[in-house]
Every structure is written in C-alpha cells, then in structure tokens.
2 protein chains.
Amino acid sequence: MADVLEPKQLNTYFALMEAVSLLQHAVSQQLRAEGGLSYVQFELLARLSSSDGPLTMTELADGVVYSRSGLTHQAGLLEKAGLVTRGPSADDHRATVVGITEAGRELVAKVLPGHVDAVRRLLFAPLSTSDLDALGGIMARVRDHMRAEPPRSVATRRSPKGSGA
Amino acid sequence: MADVLEPKQLNTYFALMEAVSLLQHAVSQQLRAEGGLSYVQFELLARLSSSDGPLTMTELADGVVYSRSGLTHQAGLLEKAGLVTRGPSADDHRATVVGITEAGRELVAKVLPGHVDAVRRLLFAPLSTSDLDALGGIMARVRDHMRAEPPRSVATRRSPKGSGA
DNA sequence: TATTGTTATACTCTATAACTATA
DNA sequence: TATAGTTATAGAGTATAACAATA
C-alpha cells in the first residue's frame with residue numbers, strides 16, 4: 001500500500017478540505033458584505049491592528065500571501081482605500097513599512113463581530129470543549145510541520161528571518 | 001462574551017485556516033505541475049472517476065463549486081482537454097450528463113500518487129493514529145453542520161445585493 | 001551579489017445576470 | 001412556475017519576470 005491513502009485518511013482529508021472550503025466561502029462573504037474586504041485583506045488589517053507598530057512588507061507577507069507582488073497589490077488597494085499607510089523604513093532603506101490608519105482600525109472593529117459570529121456559528125457550534133482542544137493541538141502541529149518543511153518546488157524566496165530554502 | 005472568540009478558539013481558528021491554506025497551496029502546485037489541473041478540476045475528475053457512471057452537472061457541482069456558471073466553465077475546460085464528455089441526458093432533457101474519458105482516467109492515475117504523497121507528507125506525517133481519528137470525526141461533524149445550516153446570505157438563486165467596495 | 005519592493009502583464013477563478021429549454 | 005444548464009461579461013486574485021534601489 002504505497003501510494004494510496006487509507007480510507008480513514010482519505011475521509012479525513014476530504015472532510016477537512018470541504019469543511020474549510022465551506023468556512024472560507026461563508027467567511028469571505030461576510031467580510032465582503034460587511035466591510036468590502038477579502039479574507040486576505042482582513043488578515044492583513046487584523047495583523048497590523050494587533051501589531052505593536054508598523055510592519056515591513058516582508059513581515060506582513062509572512063504566512064498570509066505567497067508572492068511578493070500579490071502583497072504589493074493588496075497593500076496598494078488597502079492604501080488607496082485609506083486603511084493603511086506605506087512609507088520608507090528608517091532602518092533599512094530598501095524596506096517599506098506599513099501601518100494601519102484609524103479608518104483601518106475602525107473597519108476591523110466594524111467587521112470583527114460578524115466575523116467572529118460566523119466562525120462561532122459555523123465552526124465551533126458543533127464542537128465540544130475537548131474537540132476544541134484536540135483540533136487546536138492537531139492543527140497547530142500540522143501548521144508548524146508545514147511551515148518547517150515547505151512543499152517541494154517552492155523555491156521562491158521567502159522566510160525573512162530564518163534562512164529558508 | 002458576545003463578540004470575541006476565546007483565545008483558545010481564536011488560535012484554533014487561525015491554525016486551521018493557515019494550515020489548510022498551506023496544504024491547498026502545496027497540493028495545487030503539485031496538481032498543476034504534474035497534470036496541469038487546478039484543485040477543483042482534480043476534484044471533478046476524481047469524483048467522476050470514482051462514480052459508477054456519468055453524473056449530471058448538478059450532481060457534479062454538489063460540494064465542489066459555488067456557482068452554476070463556474071461549473072459550466074470548468075466542465076468546458078475539461079471537455080476541451082479531452083478529459084470529460086458532455087451530452088444530453090435521456091431521463092431529463094434539461095440535464096447534461098458528464099462522463100470521464102479514458103484520457104481523464106489516465107490523468108487522474110498519473111497525478112494521484114504525487115497528490116497522495118503530498119497529503120501524507122504534509123498533513124498526516126505529524127499526526128498519530130488517534131489524531132487521525134479525532135480530526136476525521138471533528139471535521140466530518142463540522143462539514144455536516146455547515147452543509148445543514150448554510151451561511152446566512154447564501155441563497156443559491158436570487159439573493160439581494162449587499163454593499164460592496 | 002543578495003535582498004526589498006514595485007511594475008507590467010497575463011492568466012485563472014468566480015460570480016451575476018440574461019437567456020434557452022425542458023419539467 | 002420552477003429547474004437545468006449555458007453564455008457573456010466583468011471583477012478580483014495570483015503569479016512571473018523584469019526592474020530599481022539599497023545592503
């Protein structure tokens with residue numbers, strides 16, 4: 001049995017992919033309807049709003065986006081909407097630092113309750129406390145595993161701090 | 001308690017979304033590189049190849065795609081590539097039945113080992129047997145919950161338009 | 001030379017609305 | 001009237017490659 005997943009694995013994989021697909025779809029609709037934001041844009045704003053200060057493009061990209069130009073594009077849209085500011089970094093003159101504006105914070109605050117409500121209603125409602133613990137532990141482990149061992153063929157330059165691939 | 005997720009929930013939610021995002025990205029790359037397929041296209045072919053016979057567009061769409069025109073588009077691409085056939089249904093003259101071709105089966109067979117390998121390496125490698133059981137049970141429950149209680153504002157046909165940007 | 005970020009561009013995916021035809 | 005599917009089209013997201021500037 002070298003190249004088939006066992007049935008249990010297959011079912012788990014499909015259930016995971018479909019459930020998350022449904023969740024992503026629902027959550028994207030909520031963000032779009034209530035704030036005109038894509039999920040990625042929301043993630044960027046949320047990251048900036050919970051950060052102590054501005055972040056560089058590279059810091060901001062980490063884990064959210066898979067190409068540099070994609071982030072430039074999204075940051076441009078957010079800037080044009082007055083939700084973030086971009087400016088040169090004092091430390092490293094190559095870098096751009098991105099900060100959230102008051103309007104950006106307000107939009108996050110406006111959208112967050114509905115977002116949280118959707119997640120709770122769709123994802124957590126059918127789960128017990130021990131399910132929550134189990135799921136959290138499992139997915140954190142999977143995430144860390146995948147961060148550490150990037151998919152083959154992803155040789156693109158990434159990972160700002162640690163010396164990546 | 002009204003509009004924040006508890007920290008544990010928040011971490012679980014983020015871990016789930018990031019892990020699956022990484023998995024989707026890796027798996028999409030593998031499918032694209034080895035078979036020129038998107039994940040959705042692979043799903044459609046896989047569904048057809050494990051089906052007893054042809055499926056109607058509506059049957060095929062179920063759980064894979066969120067709009068009818070999207071499926072028409074993807075089916076058109078697959079047909080143009082010689083991977084599926086489309087024809088009128090005998091039972092219901094409104095319906096289109098979609099069947100997989102020999103080339104379609106061959107492509108699935110060609111791509112599947114790498115796909116399975118990626119999933120095993122990225123998702124299952126860091127999980128124990130009991131993790132697998134737990135994850136499978138949890139995600140099946142979440143999936144069924146979301147199927148049963150579709151997100152508000154998702155109406156298959158005719159939905160009032162929300163605000164946007 | 002390597003890294004940060006932008007630009008230009010092209011391509012895919014998705015979704016809405018209008019349409020045809022069958023039930 | 002309701003359902004199955006297609007078309008046309010428009011918009012958003014993403015990625016690649018070439019580029020400029022700084023380390």
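All heavy atoms count here, side chains included; hydrogens, waters and symmetry mates do not. The shown structure was predicted, so the numbers you read here are calculated from the model rather than taken from an experiment.
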- Query: In terms of side-chain geometry, is the basic nitrogen of A/R147 or B/E18 positioned less than 4.0 Å from the acidic oxygen of its partner?
  - Reply: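 Salt bridge flag = yes for B/E18 with A/R147.
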Return the value, rounded to whole Å, for the distance between atom [atom1] of [X] and atom [atom2] of [N].
X     : N      : atom1 : atom2 : result
B/R68 : C/dA18 : CZ    : P     : 16 Å
A/H73 : C/dA8  : NE2   : C1'   : 12 Å
B/L31 : C/dC13 : CG    : P     : 12 Å
B/L71 : C/dT12 : CG    : P     : 18 Å

- Message: We want to know whether B/Y39 and B/H25 form a side-chain donor-acceptor pair, criterion being a heavy-atom distance below 3.5 angstrom.
- Response: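 Their side chains do not contain a donor-acceptor pair, so the 3.5 Å distance test is not met.
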- Query: Considering heavy-atom distances to DNA chain D, does B/D92 or A/L77 have its closest nucleotide positioned more toward the 5' end?
  - Reply: B/D92
- Item | Pairwise 5' ranking along DNA chain D for A/A90 and A/Q74, keeping only the more 5' one | A/Q74
Would you say the side-chain atoms of [X] pair up with the backbone N or O of [Y], donor to acceptor, closer than 3.5 Å?
X      : Y      : value
B/T12  : A/L135 : no
A/R86  : A/E79  : no
B/R143 : A/V20  : no

- Query: For C/dA15, does either OP1 or OP2 sit under 4.0 Å from a side-chain N or O belonging to A/H25?
  - Reply: yes
- Query: Are any of B/R86's side-chain N or O atoms less than 4.0 Å away from OP1 or OP2 of D/dT6?
  - Reply: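 So the side chain of B/R86 is within the cut-off, an N or O lying under 4.0 Å from OP1 or OP2 of D/dT6.
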Using the side-chain heavy atoms of [X], tell me which of these nucleotides is nearest: [options].
X     : options                : answer
B/H93 : D/dT14, C/dA23, D/dT6  : C/dA23
A/R94 : C/dT7, C/dA15, D/dT22  : D/dT22
A/S67 : C/dT14, D/dT16, D/dG13 : D/dT16
B/S69 : C/dA17, D/dA4, C/dC13  : C/dA17

- Message: Within the supplied structure, the quantity of interest is the number of heavy atoms (other residues, nucleotides, ligands) at a distance under 6.0 Å from B/E6 CD; does it exceed 12?
- Response: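 No, the 6.0 Å shell around CD holds no more than 12 heavy atoms from other groups.
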- Enumerate the residues from residues 32-66 of chain B whose closest heavy atom to DNA chain C is under 4.0 Å, giving them by residue number; use none for an empty result.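 The stretch gives B/R32, B/S38, B/Q41, B/Y66 as the residues lying under 4.0 Å from the strand, ordered by number.
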- Contacts of A/V97 that satisfy side chain to side chain contact (heavy atoms under 4.5 Å, CB included) - sequence neighbours left out: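 Once residues adjacent in sequence are excluded, the partners of A/V97 under the side chain to side chain contact (heavy atoms under 4.5 Å, CB included) criterion are A/P54, A/T56, A/S89.
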